[in-house]
Amino acid sequence: MFNSSGYIFRETFNSMRRNPWLSLASVITVMVSLVILGYSIFFLANTANMAKSFESELEIGAFVQMSYTPEEVQDLKNQIEQMPGVESVSLVTKEQALEDFGKTIGGTQSSIVADVGGTNPFPDKLTVKVTDPQNVKTLAQSLETNPGLYKVRYGQEFVDQLLKFTQWLRWIGFGVVAAFGVAAVVLISINVKINVFSRRREIQIMKLVGASNGFIRWPFLIEGLALGLVGGTLAAVIVGVGYNWITVYVQSTLTFLPVVQNAVLFRQVTLGLLLAGMAMGAIGSVFSLQKFLRA
């Protein structure tokens, strides 16, 4: 009988039926812990995405010498595009700048030129985007040494403050996940210990009739897997539906906030919650049994 897998599964089912409130408490504990953890992961993903979105707006404005011809400006643009760390370079010619200014104030190009002495006052401008926002300052300093540029601007003080802010966003995201992860483990550990303690006599009786430690663990291990799977499934449903509602709400009311809508990440998180629930239930059961099996 003790070697029968059927007995182990039957005992697992009977145990959950005999202790319905403890089983329910275990499921709820796993569910609440994983819901908190799931939302924390999405919070981390969104803080990282927000930081990346802010950083993607960083760019360097490089103004070309007024004496440069269109061919020289194009050569300079090509030269900057080849520099390490440069993602893209876009050109706004002096003619385009004059036209845009005319649209802003409601005047024609010829009238504006006449008002400022007969020459176009705007220089050609190169807008440089970098592959790594952390390298904006270094690249800007390198561009300042280029003789074809007479002015380089990248919002020095703003860039420094923005990079500090985005770094803090990432750290806050990691901190939230770590804190709620620890809280989830503590909650589940307390619940499993209560569950095992309430069944200590059952464990002692099994040891008295000659059951091995491995055999005693199996019903608890399978029960932990089952309860963890149920809790993980409920958590995945709650997190999935809840996060979908949050994204729709934010997109309709706070359109300026970038929200992560990554189908791959969504599947990874929901699958991760299922596996985490099973792992928490099984590992919690095994470790909580050690004290009684050594007795």
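On a predicted model such as this, the values are computed, not experimentally measured, just so you know.
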Inset, instruction - Check Gly232 against Leu34 and note the closest heavy-atom contact, atom names and distance. - result: CA-CD1, 3.7 Å
Inset, instruction - Check whether Ile60 and Tyr150 end up in the same hydrophobic cluster, where Ile, Leu, Val, Met, Phe, Trp and Tyr are linked by side-chain heavy atoms less than 4.5 Å apart. - result: no
Legend entry - Cluster overlap Trp245 with Leu234, hydrophobic side-chain contacts below 4.5 Å: yes
Legend entry - Matching residue for Tyr243 among Val248, Val269, Asn46 - test: side chain to side chain contact (heavy atoms under 4.5 Å, CB included): Asn46
Legend entry - Cluster check Leu265, Leu37: I/L/V/M/F/W/Y, side chain < 4.5 angstrom: yes
Legend entry - Point-to-point distance, once rounded to the nearest 0.5 Å, from OH of Tyr39 to CD1 of Ile246: 5.0 Å
Inset, instruction - Answer yes or no: is there a donor N or O on one side and an acceptor on the other, between the side chain of Gln74 and the main chain of Glu71, under 3.5 Å? - result: no
Legend entry - Atom pair CE (Met31) and CD1 (Ile36), whose distance is rounded to the nearest 0.5 Å: 10.0 Å
Legend entry - salt bridge (Lys or Arg N to Asp or Glu O under 4.0 Å) partners for Lys129, two or more places apart: Glu59
Legend entry - Expected output: side-chain Thr145 to main-chain Ser142 donor-acceptor under 3.5 Å: yes
Legend entry - Atom pair CD/CD of Glu87 and Glu81 - distance to nearest 0.5 Å: 11.5 Å
Legend entry - Test item: Val239 and Thr270 side chains (from C-beta on) under 4.5 Å apart, heavy atoms: no
Legend entry - Contact check, side chains of Thr131 and Val86, non-hydrogen atoms, under 4.5 Å: no
Inset, instruction - Starting at CD of Gln79, measure out to CG of Asn146 and round the result to the nearest 0.5 Å. - result: 5.0 Å
Legend entry - Test item: Gln65 and Leu149 side chains (from C-beta on) under 4.5 Å apart, heavy atoms: no
Inset, instruction - Enter the distance from Leu229:CG to Leu275:CG here, rounded to the nearest 0.5 Å. - result: 9.0 Å
Legend entry - Test item: Glu144 side-chain N/O and Lys151 main-chain N/O as donor-acceptor pair under 3.5 Å: no
Legend entry - Common cluster, Val73/Met83, ILVMFWY with side-chain heavy-atom separation under 4.5 Å: yes
Legend entry - Minimum heavy-atom distance between Lys125 and Gly61, given as atom pair plus value: CE-CA, 4.0 Å
Inset, instruction - Determine, stepwise, if the pair Val92 / Asp124 fulfils side-chain contact (heavy atoms from CB on, under 4.5 Å). - result: CA-CA 6 Å; Val92 177; Asp124 294 301; over 6 Å; no
Inset, instruction - Tell me whether Ile28 is reachable from Val35 by hopping between hydrophobic residues (I, L, V, M, F, W, Y) whose side-chain heavy atoms are closer than 4.5 Å. - result: yes
Inset, instruction - May I ask you to test the Leu76-Leu126 pair for a side-chain heavy-atom distance under 4.5 Å? - result: yes
Legend entry - Side chains of Thr127 and Val89 in contact at under 4.5 Å (non-hydrogen atoms): no
Inset, instruction - Classify the angle between the aromatic ring planes of Phe266 and Phe42 as parallel (below 30°), tilted (30 to 60°) or perpendicular (above 60°). - result: tilted
Inset, instruction - Decide whether Tyr68 and Asp75 meet the rule of one side-chain donor and one side-chain acceptor closer than 3.5 Å. - result: no
